[in-house]
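Here's the structure, in structure tokens; my notes come after.
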Amino acid sequence: GCMVYQEQVMQVFRTLAGYSYGRADVVRRAMSKKKRDVMENEREIFINGLKNEYGEVVIEGAVKRGIDEKTAGDVFSDMISFASYGFNKSHTAAYGLIAYQTAFLKVKYPKEFMAALLTSVIGDVTKTVIYINECERLKIKVLSPHINHSNERFSVKNDVIVFPLLGIKNIGRALIEKIVKEREAQGEFKSFWDFCKRVSGTELNRRALECLIKAGALDGLDLNRCEMLRNIDLAVESAAKENSMYAGGQLDMFSVFGGEEFSSEPQFSRCDELPKNEILNFEKEVAGLYFSGHPLEEYKDVTNKLNCPKTIDLIEYVETKRENLIDNQKVNFIGIVTSSKKKFTKRDEIMAFCEVEDLYGSIEMIVFPKIFAAHSGLLFSGSIILVEGRISVKDDEIKLLAEKISVAPEKVEITTGTENQKQKKGLFIRVNKTDEAKIPHLRNLLSIFEGKVPVYLYFSDSKKYEFMGKEYLIDVNEPLIKELKLIFGDENIVLRV
């Protein structure tokens, strides 16, 4: 709708007033951006035309083209008035249709819908993690990549979504096509050697095979990851040699010996599997994700007790334009350092910019010189840390400003009673005796904003907290906070995320 209208605007200016394509497009842009001052200046030109500094006619104008001045002015006014709402209206209609279509697909074909959505963000780790979390919420299983069931894109197989081979580093489309074709023609791969032999060629180089192994795409055949990594060179060389001998016809006379098919499978060396943390680090290295668990799984209890915000929730605050509710909030954050870059300040001091990741995504952490000097030993890739700091939101970018960094504790004790309540996450409303009459109105107000954030009343007289109940879990937003502050006073509303 919007594009059709814009074409019509240009056509009106060209046909009625003799505008060039270029000039008509400038006017169209001004309209779409609601630059009314520009448009009003254009009115005279549209009606009576324009001459350049040499007196040459650049635009004839509507009057010279046989349209009376009043009619030309009316046409121009109509376009101006339409520009104030037409673009928004056509966008709304288009987005409304897309929203309806995607909602229909998500409800009727959730697995296929989520697979397509995940495919659209291959390479964007943060969004991939968000969408995989959504799959978990919808109780849709996402399988890790494997040569026997993965395709180029996220796909649905046996009622589950399968992670694609394209999501693994150094795995190109030509190799994926070869794997899929071979699998469809000759059946699933039965062993590490079977895979190397059948897919051997220019597409399967040493680096590609290493990445497949590290991602776990060759698990469950006959060798563990450590054994496969140790035997990569032997496997690639042996497979290339055997295939070249077959191609040259050298193996024909030996293809059957004593009734058994000839095989030049090498003797692979055996060893114990890699440590769990090494398996996870390799998965992260080649696919950007952890498939066999997460280094922070064992810190879940501590994360909850310290009321650490989830990166996925912080991102949602910014995307829904509610960043004022988290900007400058003091937080605890437990995460794993995935990268760290040092930088010299103007005073020749060292600071750092780090990426830290929780179970749901990553956030940039800024470590200023004093903090860096005290805690630089903890800022290496793979380090699991507890950060005490503040959230900063500028230009839709979220950052964590570190004030203190320590090794993440495996256990933490929170004192009971009032202090325990202070650690809780949610919206807190302080009420006194005179405020208690307002509680029925409060319940009505909260019921409008249904969401996930718990609400607690703090009675200033008795110094006790009361959870308002699961039926009053809310979606925190600016209009609600403003209304609550009007009812109870600014100082009596506290949000802890």
Side-chain angles (χ1 to χ4, degrees), residues 114 117-118 121-146 150 154 160-164 167-169 211-220 224-226 229 273-316 331-340 354-365 378-387 398 400 405-412 425:
M114 291 307 298
L117 197 58
L118 282 160
V121 295
I122 288 177
D124 185 330
V125 174
T126 300
K127 286 190 174 177
T128 299
V129 171
I130 289 171
Y131 294 150
I132 287 177
N133 285 328
E134 176 66 2
C135 288
E136 288 178 8
R137 189 187 72 80
L138 296 169
K139 294 183 170 54
I140 299 171
K141 193 172 182 181
V142 180
L143 292 184
S144 55
H146 199 278
S150 291
F154 281 90
V160 297
I161 293 176
V162 183
F163 196 92
I168 304 171
K169 279 184 184 176
C211 290
L212 284 170
I213 295 166
K214 286 181 174 180
L218 288 154
D219 280 5
N224 64 39
R225 294 189 200 183
C226 185
L229 289 171
E273 182 57 291
L274 299 167
K276 184 67 180 282
N277 67 319
E278 212 168 321
I279 285 174
L280 294 176
N281 288 339
F282 279 152
E283 289 174 352
K284 180 72 175 173
E285 175 197 328
V286 300
L289 302 169
Y290 300 105
F291 300 116
S292 303
H294 197 287
L296 297 178
E297 285 286 350
E298 59 191 276
Y299 293 89
K300 263 187 172 180
D301 185 52
V302 178
T303 299
N304 290 335
K305 284 184 176 177
L306 292 178
N307 196 26
C308 298
K310 298 175 183 176
T311 51
I312 192 172
D313 291 337
L314 296 175
I315 291 166
E316 188 182 346
V331 296
N332 295 318
F333 185 85
I334 288 180
I336 182 167
V337 179
T338 55
S339 70
S340 180
C354 306
E355 282 293 322
V356 287
E357 183 181 284
D358 64 4
L359 287 161
Y360 309 94
S362 64
I363 188 171
E364 183 178 30
M365 176 177 72
L378 293 174
L379 302 179
F380 58 90
S381 184
S383 174
I384 299 176
I385 55 174
L386 166 62
V387 182
I398 314 167
L400 175 61
I405 302 170
S406 57
V407 175
E410 292 183 5
K411 288 184 180 179
V412 65
K425 169 183 170 181

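Here the structure is a predicted model, which is why all the values come from computation and not from measurement.
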Who pairs with Glu134 by salt bridge (Lys or Arg N to Asp or Glu O under 4.0 Å), at least two apart in sequence or on another chain? Lys106, Arg137
Who pairs with Tyr360 by ring pair (Phe, Tyr, Trp, His ring centres under 6.0 Å), at least two apart in sequence or on another chain? none
Sequence neighbours excluded, the answer for ring pair (Phe, Tyr, Trp, His ring centres under 6.0 Å) partners of Tyr131 is none
Residues in ring pair (Phe, Tyr, Trp, His ring centres under 6.0 Å) with Phe154, at least two apart? Phe163
For Glu355, the salt bridge (Lys or Arg N to Asp or Glu O under 4.0 Å) test, sequence neighbours excluded, returns none
Verify, without hydrogens or angle tests, whether Glu283 (side chain) and Phe291 (backbone) share a donor-acceptor contact under 3.5 angstrom. yes
Taking all heavy atoms of Ser292 and all of Ile279, pick out the closest pair and write down the distance. OG-CG2, 4.0 Å
Can you tell me how far the CD1 atom of Ile312 sits from the CD1 atom of Ile363, to the nearest 0.5 Å? 13.0 Å
Give a yes or no on whether the backbone of Leu379 and the side-chain of Ser383 come within a donor-acceptor separation of less than 3.5 Å. no
Checking the side chain of Lys284 only, and the main-chain atoms of Gly382 only, is there a donor and an acceptor separated by less than 3.5 Å? no
Taken to the nearest 0.5 Å, the spacing of Phe333 CZ from Leu400 CG works out to 6.5 Å
Any salt bridge linking Lys310 with Glu316? Criterion: basic side-chain nitrogen under 4.0 Å from a carboxylate oxygen. no
Those residues at least two apart in sequence (or on a different chain) that pass salt bridge (Lys or Arg N to Asp or Glu O under 4.0 Å) with Asp124 are none
What are the two closest heavy atoms between Val337 and Leu378, and how far apart are they? CG2-O, 4.2 Å
Do any N or O atoms from the side chain of Asn304 and from the backbone of Asn307 form a donor-acceptor pair under 3.5 angstrom? no
